[in-house]
Enquirer: 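Quick one: structure below, then a few questions.
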Number of protein chains: 2
Amino acid sequence: MEARVLDKQADGDVDIYWDFRRRLISAHFEPGLKLKPEELRLQYGCSASQLREILFRLSCDGLVEFQDNKGFKVPLASLELCNEAVEHRILIECEGARLSIEKGGLEWEAQMAAAHHKLAHVENKFEADQNSKELFDMWCECEWEFHETLISRCGSSLLIRKHRDIYDLHRMHMLAVSEGSGFRQDNIKEHLNILNAALDRDVEACQKGLANHLHKSG
Amino acid sequence: MEARVLDKQADGDVDIYWDFRRRLISAHFEPGLKLKPEELRLQYGCSASQLREILFRLSCDGLVEFQDNKGFKVPLASLELCNEAVEHRILIECEGARLSIEKGGLEWEAQMAAAHHKLAHVENKFEADQNSKELFDMWCECEWEFHETLISRCGSSLLIRKHRDIYDLHRMHMLAVSEGSGFRQDNIKEHLNILNAALDRDVEACQKGLANHLHKSG
DNA sequence: ATTCACGAAAATTTCGATATTTTTGTTTAA
DNA sequence: TTAAACAAAAATATCGAAATTTTCGTGAAT
């Protein structure tokens, strides 16, 4: 999460904005729930206007829904939107992976190995104790870091930003639809497949592994 | 422009928001220009807070830049960002075109023919009189309609939304970088190539024509 | 019993005033 | 002359109250 705070759109609301965003994509709010600035302000100790601004910004990415004179709410669980998000994420992430494989050097390989090492460690622990809230949060963070590292050498800051947007949207809808934690046993070997293909500089295998991984994620 | 007003994120600011967005992507504002809510309010007869909200929303799509305690401004012309926008647009539009070609029926073909007919008509007129502000605005509208129709049958509302976002971002940066109107002689036959490939259901030719068209656009 | 109309309550939107931060201009010291 | 310190002005951010819109509950008419 730390890395995200350093985003270019840093501002005074940074804590509230990112904290709220994190809670949204971690399914802390029930789909369909009304998000009233007047209530939320109490949790963050700021004014309703500020919350309104933040909610508007989140609505741009589809993380909250807005309707004129009806306010904001958590998007309803929608299998269709979830599928659209999956496909879009595959499109973006495969392109980012291809470019990274082409442009990335030894340093990138090392970062991939590091990210996967952390992820694999946490996934093995989480597999044993899937009720641990703490491990779940760690897994979310490591999963994000792995996928983000995969595309990090694509050379396009725009692609990286768009990837984060669709990653978050996909995660939110996935959790809303599946009602599980989003973790599957197969994750472990799927991530390994992706890592190996990336280190082998095998674009096709990497994209295939990615598409398979994401399709199964729901 | 009418079609866009019917966007899901309809609200009370709809006129101001879309009008301002249109002006941004039509290069009505000089890159780097400071956008002060306090000044802009006079043009729209509303409060500064409302403008601030709208500017925040536009900043989500990259159409305006925001810095904490420094306010908003029109993004500086950047060749690098323009190139990144081109590549991203190619990625999205090619995927949308592929899906439309696969899924679209006779109705879609007819809409493509209609959109191209209008576009070709305007392009020929605009070619003769490139100083006409009115024809330029018509061309912008027809160009958008043609490309939007091309992907309209992709089956994913998410892809369509993302396409609009990158289309606008690309157009804004293109106009900022090239300092021309964005219209080239070759546009006419490039659009025809794309139309023919689409009607022939030739995915590869269509994507190739699209990539060529967009690369040359800058 | 159902529908419609009306009014009260709640929620949302708008707004301008106040507080904070940044920028600008001036003076002073090195 | 340059740099630092300070003060004034401008710009930005925050906030809560007022205006508007929607929602909900009550009662009357079909």
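As a basis for the values below, the full set of heavy atoms in this structure was taken, side chains included, without hydrogen atoms, waters or symmetry mates. Every chain is numbered from 1 and lettered A, B, ... according to where its sequence line falls, protein lines coming before strand lines. All of these numbers come straight from a predicted model, not from anything done at the bench.
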Enquirer: Between atom NZ in K36(B) and atom C1' in dA9(D), what is the gap in whole Å?
Expert: 12 Å
Enquirer: Using whole Å, report how far CG of L40(A) lies from C1' of dC15(D).
Expert: 17 Å
Enquirer: Return the set of residues passing side-chain hydrogen bond (donor to acceptor under 3.5 Å, both in side chains) with E95(A) (not counting sequence neighbours), or none when no residue passes.
Expert: R98(A)
Enquirer: According to side-chain contact (heavy atoms from CB on, under 4.5 Å), who are the partners of V122(B), at least two apart in sequence or on a separate chain?
Expert: M138(B), W139(B), C142(B)
Enquirer: Taking N or O atoms only and anything under 3.5 Å, show me the protein contacts with nucleotides 15-22 of chain C, one pair per line.
Expert:
| from | atom 1 | to | atom 2 | distance (Å) |
| --- | --- | --- | --- | --- |
| dC15(C) | OP2 | S47(B) | N | 3.1 |
| dC15(C) | OP2 | Q50(B) | OE1 | 2.7 |
| dG16(C) | OP2 | R41(B) | NH2 | 2.8 |
| dG16(C) | O6 | S49(B) | OG | 3.0 |
| dT21(C) | O3' | N69(B) | ND2 | 3.2 |

Enquirer: Using the rule given for side chain to side chain contact (heavy atoms under 4.5 Å, CB included), can you reason through R41(A) versus R52(A), listing the C-alpha separation, both sets of side-chain angles and the distance that settles it, and then say yes or no?
Expert: CA-CA 10 Å; R41(A) 65 178 295 193; R52(A) 184 180 158 88; over 6 Å; no
Enquirer: Using whole Å, what does the distance between atom P of nucleotide dA11(C) and atom CD of E39(A) come to?
Expert: 7 Å
Enquirer: Residues in side-chain hydrogen bond (donor to acceptor under 3.5 Å, both in side chains) with Q43(B), at least two apart?
Expert: R23(B)
Enquirer: Using the side-chain hydrogen bond (donor to acceptor under 3.5 Å, both in side chains) criterion, which residues pair with K125(A)? Sequence neighbours excluded.
Expert: none
Enquirer: Atom CZ of F56(A) to atom C1' of dT14(C): distance rounded to whole Å?
Expert: 12 Å
Enquirer: Quick one: list whatever passes ring-ring contact (aromatic ring centres under 6.0 Å, His included) with H173(A), sequence neighbours left out.
Expert: none
Enquirer: Quick one: I54(A) CD1 to dT14(D) P, roughly how many Å, whole number?
Expert: 9 Å
Enquirer: If I take atom CG in residue L35(B) and atom P in nucleotide dT12(D), what distance separates them, rounded to the nearest angstrom?
Expert: 10 Å
Enquirer: How long is the line joining OH of Y17(A) and C1' of dA13(D), in whole Å?
Expert: 18 Å
Enquirer: Just the rounded figure in Å: distance from P of dT12(D) to CD of E53(A).
Expert: 13 Å
Enquirer: Hey, is the side chain of R52(A) poking within less than 4.0 Å of OP1 or OP2 on dT13(C), counting only N and O atoms?
Expert: yes
